[in-house]
Amino acid sequence: MRKRKLAIAVNTIAPYRLPIYAALGEHYETLLLHGGSEANRSWELKIPDHLQARKVWTWQIRLKKRTGVAGVTDTRHFHVNLGLIWELPRFRPDVIISNELGLRTLLSMVYARVARVPHWVWWGGTMHSERNITGMKKRLRSLMASMMKHWISYGETSTEYLEFIGVPRSRILQIQNCVPHENFLKEPASGRSWFVGDPRPVLLTVGQLVARKGLDRLIDACGRLVQEGFEFTLALVGNGPDKEKLRAQAEAVQIPSFQLLGNQSQDTLNELYRAADVFIFPTLEDVWGLVANEAVWTGTPVLCSRYAGCASEIIPPGNVFDPNDPDSFDAALRKIFTQTLEPSRIEKLLTWQQVTDIILKEIGGTSSYAAREKSRAVAQL
């Protein structure tokens, strides 16, 4: 019996999605159609042998994106994926999943209608992240909302946006954006000790060093802590164009223990999360924020910006703050020193196995991943 075919059309192949793609590939002959890497990503990929990955002809246009915050812009890439026009008929999928609401999804939709195969749109935008889109894009999305029958949303905040543009709730398969959690449940193997001799508590954040991540707000807030007499270490993990600017800002507000640690592997991140006393995610705009998932899996307390899509779903309400409001930010940080932070709650998270099960059941496959995960969780108790 012929194995059914699944085409997944994405802009770039994200490593945190590979476990899900690999699991889908056990049930479908799966082809990842992607547009190549982006200049602002330093991801390392190892595609499983049973998956096919093909770079389609794509013209990447780098654009500036408004964030709605004065003086803060972001970079985005518009992908003109014309290669899908011949790659989809060549592969002849039985099911298509496309990422985002752009030309990639429009071309996938046209093929799906002509070939009469199901087409799912995997979407992550939120009311906050999409608040500044143009009127033309709003009208196009409303039209697509009326035409597309199958949607996959990152979580509660993405579902909220889809309903806002007119997608009936009955058409939305709500999952949860997830990470390869095994990397963050295991005890570190290297034996390396971080932050030995540094002032405690250690405040850690992870992400690109760009304006959208709100790191300047974090450093300013830490400067106010210094003025109040608190001692601590602030560690930033990641790289980006604002690196030297942030270093100079930390010196200007006289943070005595400030570290820039560059990009790190997931194994090292596991060590860093566990070595820190709190993880802080001060983003001004993120459709989700997977670094928060990573920190929660390690059991590290998390302070999270209200502008992260994950905040309302996986972070205790008392640990959510507004990075644009100094009073809100300062009150959140003081909880570190008064030991009133709410602990991370792993039970709020879905594993990639559970997410895979949810998707497979809807698109027509069968799976035992969730049952295995439940048995594994029981065994660990």
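Owing to the predicted nature of the structure, the values given are computational and were not obtained by experimental measurement.
- Contact of the Ile47 side chain with the Leu18 side chain is registered, since non-hydrogen atoms from C-beta on lie closer than 4.5 Å.
- In plain terms, the two heavy atoms of Trp120 and Ile152 that are nearest each other are CE3-CG1, 3.7 Å.
- If you take CZ on Arg54 and CG on Leu31, they are separated by 5.0 Å, rounding to the nearest 0.5 Å.
- Side-chain atoms of Leu82 and Leu103, non-hydrogen and from C-beta on, do get closer than 4.5 Å to each other.
- Ion pairing between Glu187 and Arg274 holds under the 4.0 Å rule for side-chain N and carboxylate O.
- Residue Arg306 qualifies as open at atom CZ: its count of foreign heavy atoms under 6.0 Å is 12 or below.
- With Met148 as the fixed residue, the side chain to side chain contact (heavy atoms under 4.5 Å, CB included) test singles out one of Leu162, Thr105, Val167: Thr105.
- In this structure, Thr157 contributes its side chain and Gly309 its backbone to a donor-acceptor pair below 3.5 Å.
- For the ring-ring contact (aromatic ring centres under 6.0 Å, His included) condition, no pair includes a residue of residues 94-115, sequence neighbours left out.
- At a threshold of 4.5 Å between non-hydrogen side-chain atoms, the residues Trp151 and Thr159 do not count as touching.
- Annotation: side chain of Val291 is in contact with side chain of Glu294 (closest heavy-atom distance under 4.5 Å).
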Task: Full working for side-chain contact (heavy atoms from CB on, under 4.5 Å) between Asn239 and Lys243 - done: CA-CA 7 Å; Asn239 280 324; Lys243 179 177 179 179; 4.2 Å; yes

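- Within the 4.5 Å cutoff, the side chain of Ile314 has heavy atoms near those of the Trp288 side chain.
- In Gln254, the CD atom is not crowded: 12 or fewer heavy atoms of neighbouring residues, nucleotides or ligands sit closer than 6.0 Å.
- In this structure, His181 and Trp352 have tilted ring planes: the angle between them lies in the 30° to 60° band.
- Leu246 and Leu204 are members of different hydrophobic clusters when ILVMFWY side chains are connected at heavy-atom separations under 4.5 Å.
- Just one residue in the list Val202, Asp198, Val226 forms a side chain to side chain contact (heavy atoms under 4.5 Å, CB included) with Phe232, and that residue is Val226.
- Note: Cys178 SG to Gln353 CD = 8.5 Å, rounded to the nearest 0.5 Å.
- Connection of Leu260 to Trp194 is not established within any shared hydrophobic cluster, with ILVMFWY side chains joined at heavy-atom distances below 4.5 Å, either directly or through further cluster members.
- Residue Val56 comes nearest to Glu87 through the heavy atom pair CG1-CG, 3.6 Å, listed as atom of the first residue, atom of the second, then distance.
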TODO: Assess whether side-chain contact (heavy atoms from CB on, under 4.5 Å) is satisfied between Leu107 and Ile85, documenting all intermediate values.
DONE: CA-CA 7 Å; Leu107 293 174; Ile85 294 173; 4.1 Å; yes

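- Looking only at side-chain heavy atoms (C-beta outward), Leu350 and Ile358 come within less than 4.5 Å of each other.
- Remark: the backbone N or O of Arg113 is not paired with any side-chain donor or acceptor of His119 at under 3.5 angstrom.
- Put simply, the side chain of Ser129 never gets that close to the backbone of Glu285: no donor and acceptor are under 3.5 Å apart.
- A distance-only check finds no donor-acceptor pair linking the side chain of Thr298 to the backbone of Asn270 [under 3.5 Å].
- Annotation for Gln264: atom CD counts as buried by contact number, over 12 foreign heavy atoms lying within 6.0 Å.
- We find the CD-NZ distance between Glu29 and Lys5 to be 5.0 Å, quoted to the nearest 0.5 Å.
- Heavy-atom neighbours of Arg92 CZ from other residues, nucleotides or ligands within 6.0 Å: at or below the threshold of 12.
- Side-chain N or O atoms of Asn177 include none that pairs as donor or acceptor with a backbone N or O of Tyr154 at under 3.5 Å.
- Nearest heavy atom pair, residue Gln266 against residue Phe184, reads O-CE2, 3.8 Å.
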- [ ] Would you check, one step at a time, whether the test side-chain contact (heavy atoms from CB on, under 4.5 Å) holds for Val206 with Phe281?
- [x] CA-CA 8 Å; Val206 178; Phe281 190 46; over 6 Å; no

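- The CG atom of Leu234 lies 7.0 Å from the CD1 atom of Ile280; values are rounded to the nearest 0.5 Å.
- Side-chain contact between Leu140 and Leu101: absent, with no pair of heavy atoms (C-beta onward) separated by less than 4.5 Å.
- Side chain of Arg247 to backbone of Ala250: no donor-acceptor contact under 3.5 angstrom is found.
- Between the side chain of Gln249 and the main chain of Asp216, a donor-acceptor pair closer than 3.5 Å is present.
- Looking at heavy atoms from C-beta onward, Arg200 lies in side-chain contact with Asp277 at the 4.5 angstrom threshold.
- Linking Ile, Leu, Val, Met, Phe, Trp and Tyr residues whenever their side-chain heavy atoms come within less than 4.5 Å places Val179 and Ile13 in a single cluster.
- Nearest heavy-atom pair across Arg104 and Asn11 is NH2-CB, 3.0 Å.
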TODO: In sequence, state the C-alpha distance, the side-chain angles, and the governing distance for Ile165 and Trp123, and then conclude on side-chain contact (heavy atoms from CB on, under 4.5 Å).
DONE: CA-CA 12 Å; Ile165 64 173; Trp123 172 255; over 6 Å; no

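- Dense packing is recorded around NZ of Lys3, with more than 12 heavy atoms of other residues, nucleotides or ligands lying under 6.0 Å away.
- A 6.0 Å sphere centred on CZ of Arg345 holds no more than 12 heavy atoms belonging to other residues, nucleotides or ligands.
- In the hydrophobic clustering of ILVMFWY residues, with side-chain heavy atoms under 4.5 Å counting as a link, Phe321 and Leu203 come out together.
- When all heavy atoms of Ala311 and Ser305 are compared, the closest pair comes out as CB-O, 3.5 Å.
- Using the six-membered ring where Trp is involved, Phe164 and Tyr161 have ring planes that are tilted, between 30° and 60° apart.
- Considering Leu333, Leu225, Ile336 as possible partners of Phe230, the one that fulfils the side chain to side chain contact (heavy atoms under 4.5 Å, CB included) test is Leu225.
- Environment of NZ in Lys245: sparse, with no more than 12 heavy atoms of neighbouring residues, nucleotides or ligands closer than 6.0 Å.
- Here Asn293 contributes atom CG and Tyr16 contributes atom OH; the two are 10.5 Å apart, rounded to the nearest 0.5 Å.
- Across every non-hydrogen atom of Asn263 and Gly238, the tightest pair is OD1-CA, 3.4 Å.
- Residue Leu341 holds its CG atom at 9.5 Å from CD of Gln339, rounded to the nearest 0.5 Å.
- With hydrogens and angles ignored, the 3.5 Å screen pairs a side-chain donor or acceptor of His128 with a backbone N or O of Leu284.
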Task: Residue pair Asp242, Gln208: steps toward the side-chain hydrogen bond (donor to acceptor under 3.5 Å, both in side chains) verdict - done: CA-CA 9 Å; Asp242 288 355; Gln208 291 178 287; over 6 Å; no

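- By the criterion of side-chain heavy atoms lying less than 4.5 angstrom apart, applied directly or through intervening Ile, Leu, Val, Met, Phe, Trp or Tyr residues, Ile175 is grouped together with Val296 in one hydrophobic cluster.
- A donor-acceptor pair under 3.5 Å is formed between the side chain of Gln176 and the backbone N or O of Lys348.
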